[in-house]
Amino acid sequence: MTDLQLYQYILIGLLFVWSGFVRSGLGFGGAVLTLPFLLLVVDNPLIFLPIIGVHLMFFSCLITWQNRQRVKRTAADHQNSISTIDWKYLRFALSVMIVPKLIGILGLLTLPASLMSSIIYCIVIGYAISYVLNRPFKSNSRSLDIVFLILGGYVSGTSLIGAPLIAAVFATHVSREKLRDTLFVLWFILVLIKMVSFLIAGVDLQLIHHLWLLPCAFIGHLLGERLHKKLVGAESKVFFRVLGSVLILVSTLGLIRVIVKSGVWDQAAFLSD
């Protein structure tokens with residue numbers, strides 16, 4: 001990411017502000033709601049996933065620590081240690097997700113960048129349609145729980161955008177008081193596995209770009225903390241519908257761009273002649 005134009009660096013910086021804002025405001029979505037836009041700037045997931053992964057680990061620790069301190073202050077007279085993490089369900093979920101996670105990482109490292117971009121766009125379109133229709137993914141049975149966790153683990157391995165599937169399962173089994181912190185611990189563990197895999201495979205972690213992109217994400221984090229209630233309060237359905245519509249448009253344009261760039265469109269036109 002050292003030979004880009006100035007406008008591309010500006011767009012990437014603004015998108016990481018957006019990523020921090022979404023992550024702080026919603027508790028998830030920093031990758032799934034940002035990666036399609038980043039791929040329109042540079043069509044290679046392996047450039048951005050290490051940066052997003054480090055940011056996710058950093059802000060997971062930060063937000064979990066903030067929530068922990070908030071709980072301690074509201075229960076100052078409680079003498080015992082207060083846990084805001086459901087370790088029991090976290091261990092169960094990890095046991096189900098670990099193998100699909102590793103398979104997803106293998107696919108990311110071996111498949112062509114254009115194919116992985118197309119897969120990411122298709123997954124995001126699926127999520128976006130659920131936002132537009134106000135029909136988010138829900139889990140109502142143990143079998144469906146396991147299916148969602150397996151799919152979420154695999155998608156997380158390929159692109160770090162399995163959060164909606166995983167969150168749908170956790171929301172039915174983890175209490176509201178522990179849900180956010182439990183998810184953030186899960187994100188940290190899953191991303192740590194991915195980052196170790198990147199190191200072993202020799203993937204460029206873009207370390208120099210963390211120096212300016214982490215502050216961008218932190219600005220977004222502060223904005224998300226301040227504007228959380230306004231954006232996802234009473235009008236949250238409208239917000240998600242607009243966001244879903246934008247994601248469908250962006251991901252569709254991204255798919256068209258990948259198809260044209262790969263020459264599939266020209267080949268299809270030649271065959272039709």
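Computed from a predicted structure; not experimentally measured.
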>> Checking Cys122 against Leu255 for the side-chain contact (heavy atoms from CB on, under 4.5 Å) test, could you report, in this order, the C-alpha distance in whole Å, the side-chain angles of both residues, the deciding distance, and whether it holds?
In response: CA-CA 8 Å; Cys122 291; Leu255 276 174; 4.1 Å; yes
With the 4.5 Å side-chain cut-off for hydrophobic clustering, are [X] and [Y] part of the same group?
| X | Y | result |
| --- | --- | --- |
| Leu106 | Leu102 | no |
| Val17 | Ile10 | no |
| Met97 | Val99 | yes |
| Phe198 | Ile208 | no |
| Leu207 | Val203 | yes |

To the nearest 0.5 Å, tell me how far [X] [atom1] sits from [Y] [atom2].
| X | Y | atom1 | atom2 | result |
| --- | --- | --- | --- | --- |
| Tyr89 | Leu186 | OH | CG | 10.5 Å |
| Ile85 | Leu90 | CD1 | CG | 8.0 Å |
| Met195 | Leu190 | CE | CG | 13.5 Å |
| Arg23 | Phe58 | CZ | CZ | 10.5 Å |
| Cys61 | Phe184 | SG | CZ | 10.5 Å |

Could you check whether any side-chain N or O of [X] sits under 3.5 Å from a backbone N or O of [Y], counting only pairs where one atom can act as donor and the other as acceptor?
| X | Y | answer |
| --- | --- | --- |
| Ser197 | Ile193 | yes |
| Thr182 | Asp86 | yes |
| Lys194 | Ile105 | no |

>> Before you tell me yes or no, could you show the steps for Trp18 and Leu14 under side-chain contact (heavy atoms from CB on, under 4.5 Å), namely the whole-Å CA-CA distance, both residues' side-chain angles and the distance that decides it to 0.1 Å?
In response: CA-CA 6 Å; Trp18 164 251; Leu14 291 175; over 6 Å; no
> Side chains of Ser95 and Arg91: donor-acceptor distance under 3.5 Å anywhere?
Replying inline: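 No, because no side-chain N or O of Ser95 sits under 3.5 Å from a partner of the opposite role on Arg91.
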Which atom pairs, one a donor and one an acceptor, fall under 3.5 Å between side chains of residues 35-57 and the rest of the protein, sequence neighbours left out?
from: Asp43; atom 1: OD1; to: Ser117; atom 2: OG; distance (Å): 2.7
from: Asn44; atom 1: OD1; to: Leu46; atom 2: N; distance (Å): 3.2

> How far apart are the closest heavy atoms of Phe170 and Ala93, and which atoms are they?
Replying inline: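 Scanning both residues, the minimum pair turns out to be CZ-CB, 3.4 Å.
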Just list the side-chain donor-acceptor pairs under 3.5 Å for residues 211-223, sequence neighbours left out, or say none.
from: Trp212; atom 1: NE1; to: His209; atom 2: ND1; distance (Å): 3.2

> Crowded around Leu4 CG? As in, over 12 foreign heavy atoms under 6.0 Å?
Replying inline: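 Correct, the count exceeds 12.
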> Are side-chain heavy atoms of Phe16 and Thr34 found at a separation under 4.5 Å?
Replying inline: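 Not touching, per the 4.5 Å side-chain cut-off.
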